[in-house]
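Right, one structure below, let's go through it.
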Protein chains: 2
Amino acid sequence: MAGRRGQATRQKLLDCLSDMLSSSPYRDVRVIDVARKAGTSPATFYQYFPDVEGAVLELAERMVKDGGRLTDLVSGRSWTGKAGARAAEELVDGFLAFWRENDAILRVVDLAAAEGDKRFTKLRTKLLTPVTGTLADAVREQQAKGRVDQGVSPAAVAGSLVTMLTGVAGHQKGFSAWGAKQADIKPALTLLVHLTVTGRKPAR
Amino acid sequence: MAGRRGQATRQKLLDCLSDMLSSSPYRDVRVIDVARKAGTSPATFYQYFPDVEGAVLELAERMVKDGGRLTDLVSGRSWTGKAGARAAEELVDGFLAFWRENDAILRVVDLAAAEGDKRFTKLRTKLLTPVTGTLADAVREQQAKGRVDQGVSPAAVAGSLVTMLTGVAGHQKGFSAWGAKQADIKPALTLLVHLTVTGRKPAR
DNA sequence: CGGTAAGCTGACGACATGACAGGAACAGTT
DNA sequence: AACTGTTCCTGTCATGTCGTCAGCTTACCG
């Protein structure tokens with residue numbers, strides 16, 4: 001259902017929309033601006049997308065696809081000893097990097113999900129499920145060893161950790177206000193993740 | 001700079017705006033709808049506020065003032081033994097309650113802050129500083145006792161915890177997707193907070 | 001080179017924005 | 001009750017965006 005030229009303009013529109021999301025508040029992103037930036041007209045935009053939100057949804061879908069990278073950060077890792085310390089560190093690192101690369105679209109996804117839009121909630125879940133699931137498994141495993149409180153839900157703990165990572169990634173700037181330097185954040189998160197998953201401080 | 005009647009309509013406009021924020025996406029909140037709902041005209045709205053964002057800013061300011069309640073959740077608490085367990089529990093409880101009561105406006109504040117709007121970043125900081133600061137003090141104290149890793153920044157740890165609380169409060173619904181029941185969330189957060197601040201599992 | 005389908009846009013009605021001036025409601029005075 | 005000055009509200013207007021056509025342009029293929 002698409003020709004070669006059509007694909008190109010469609011893609012260009014998405015690119016320009018992505019730029020606009022980075023440079024101006026979501027509330028102020030107008031179809032006409034996106035179209036102008038893409039060197040085309042609003043009518044063309046509406047040929048490919050129902051509205052701004054529809055186009056954003058597609059950007060989000062692509063971002064989620066690319067988000068498979070997040071899975072590699074947790075799959076097949078050991079959480080014991082030095083390897084555990086590295087696992088926590090790399091998880092935090094990877095998460096922050098991914099968020100930095102996609103902050104504009106992730107902001108919008110977070111908002112729409114919080115507002116209850118099912119399509120975006122679903123996408124957000126899809127993006128985070130691999131990480132949360134694997135983390136939950138790790139917690140369950142450590143529970144069996146008696147290192148983590150048995151009475152607590154692994155899914156809830158893992159979800160909370162992941163939510164912390166997403167939240168911190170999105171509000172890093174705010175941290176400076178209460179006297180935490182940029183470089184302090186990663187070690188703090190790493191400690192928190194490791195401590196929660198394993199019940200122990202990370203080995204050096 | 002205001003008469004009695006004027007105050008009333010101004011307030012009514014704010015109330016209606018607050019309702020609109022709860023019931024429809026921020027992006028779609030229009031001046032004309034707010035005015036209509038308040039039984040008045042757009043011109044009246046513009047007499048009191050520069051635009052929707054300006055009115056939202058005022059809503060946010062009032063919410064932050066009311067947010068002094070959050071301070072009581074952390075000030076003058078002991079983090080040792082059973083009292084520590086209760087401190088963590090009540091902090092989580094209070095936070096979730098506050099977020100549930102103000103979710104609509106907090107969503108917008110979070111978005112605007114993430115987008116880099118200084119006015120909103122400042123408000124968000126103001127709201128969270130008492131909690132973060134006090135938590136950071138608690139962490140510092142436990143560091144002195146050798147229970148928490150010395151090499152980590154108390155402010156960064158406290159900030160991460162608070163960000164986790166805000167994030168989870170805003171995305172509670174999403175948790176069900178990965179098999180965590182609503183009732184599982186509070187215990188998980190409580191454990192996390194206590195474990196991180198004190199380095200120990202909470203006493204029963 | 002001509003025909004066909006795909007892709008683009010000018011133009012339009014509907015509606016939101018933001019500004020103003022004039023009219024309505026009010027409070028206090030006589 | 002009538003008068004008067006102030007405060008407050010709204011009708012109206014110019015401007016600009018939204019979302020939709022019909023119709024024009026471009027690319028492709030025989």
Side-chain angles (χ1 to χ4, degrees), chain A residues 1-60 62 104-105 108 111-112 115 117 119-120, chain B residues 1-60 62 104-105 108 111-112 115 117 119-120:
Chain A
M1 258 291 184
R4 220 183 66 260
R5 188 159 63 125
Q7 289 288 327
T9 47
R10 201 185 138 92
Q11 185 57 50
K12 185 158 203 176
L13 283 168
L14 282 177
D15 291 344
C16 293
L17 171 57
S18 181
D19 285 355
M20 301 285 307
L21 286 179
S22 301
S23 63
S24 55
Y26 179 45
R27 193 167 198 283
D28 300 338
V29 172
R30 306 261 164 257
V31 168
I32 195 170
D33 297 321
V34 177
R36 198 155 24 216
K37 200 175 165 93
T40 179
S41 76
T44 303
F45 182 95
Y46 286 109
Q47 191 151 49
Y48 293 106
F49 310 102
D51 50 25
V52 171
E53 217 192 34
V56 164
L57 188 64
E58 176 139 353
L59 275 182
R62 299 189 178 198
I105 185 69
V108 179
L111 173 69
E115 278 174 346
D117 188 312
R119 299 166 302 170
F120 286 95
Chain B
M1 258 291 184
R4 218 184 64 260
R5 189 159 61 122
Q7 289 288 329
T9 44
R10 200 184 137 92
Q11 185 56 50
K12 184 157 204 174
L13 282 169
L14 282 177
D15 290 344
C16 292
L17 171 57
S18 182
D19 286 354
M20 301 286 306
L21 285 179
S22 301
S23 63
S24 56
Y26 179 46
R27 193 164 198 285
D28 299 339
V29 172
R30 306 263 163 251
V31 169
I32 196 171
D33 298 319
V34 177
R36 195 153 29 215
K37 200 176 165 90
T40 179
S41 77
T44 303
F45 182 95
Y46 286 110
Q47 193 152 48
Y48 293 107
F49 310 102
D51 49 24
V52 170
E53 214 191 38
V56 164
L57 188 64
E58 177 139 350
L59 275 181
R62 299 190 178 194
I105 185 69
V108 179
L111 172 70
E115 278 174 345
D117 188 314
R119 299 167 302 170
F120 286 94

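Here is how names work: the chains are called A, B, and so on, in the same order as the sequence lines, proteins then strands, and each is numbered from 1.
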Does [X] put a side-chain nitrogen or oxygen below 4.0 Å from OP1 or OP2 of [N]?
| X | N | result |
| --- | --- | --- |
| T44(B) | dT10(D) | yes |
| Y46(B) | dG18(C) | yes |
| R4(A) | dC28(D) | yes |

Option from L14(A), L17(A), D15(A) for which side chain to side chain contact (heavy atoms under 4.5 Å, CB included) with V34(A) holds: L17(A)
Contact nearer the 5' end of DNA chain D, comparing R27(B) with T9(B): T9(B)
What is the separation between atom [atom1] on [X] and atom [atom2] on [N], rounded to the nearest whole Å?
| X | N | atom1 | atom2 | result |
| --- | --- | --- | --- | --- |
| D51(A) | dT17(D) | CG | P | 17 Å |
| R36(A) | dC8(C) | CZ | C1' | 17 Å |
| D28(B) | dA16(C) | CG | P | 12 Å |
| K12(A) | dC8(C) | NZ | P | 11 Å |
| Q7(B) | dC26(C) | CD | C1' | 16 Å |
| Q11(B) | dC9(D) | CD | P | 13 Å |
| Q47(A) | dG19(D) | CD | P | 16 Å |
| D33(A) | dG19(D) | CG | C1' | 16 Å |

Straight-line distance of L111(A) CG to F120(A) CZ, nearest 0.5 Å: 9.0 Å
Side-chain heavy atoms of V56(A) within contact of L21(A), under 4.5 Å: yes
Heavy-atom side-chain proximity of D117(A) to E53(A) below 4.5 angstrom: yes
I32(B) side-chain proximity, nearest of dG10(C), dA16(C), dC26(C): dA16(C)
Nucleotide nearest R5(B) when distance is taken to its side chain, options dT17(D), dC9(D), dT20(D): dC9(D)
Residue pairs fulfilling side chain to side chain donor-acceptor pair (under 3.5 Å) with at least one residue in residues 19-33 of chain A, sequence neighbours excluded: D33(A)-R36(A)
Sugar-phosphate, base or nothing in reach of F49(B), heavy atoms under 4.0 Å: nothing
Touch class at under 4.0 angstrom, heavy-atom based, for Y48(A) against every strand present: sugar-phosphate
Residue mapping more 5' on DNA chain C - nearest nucleotide basis, S41(A) or V31(B): S41(A)
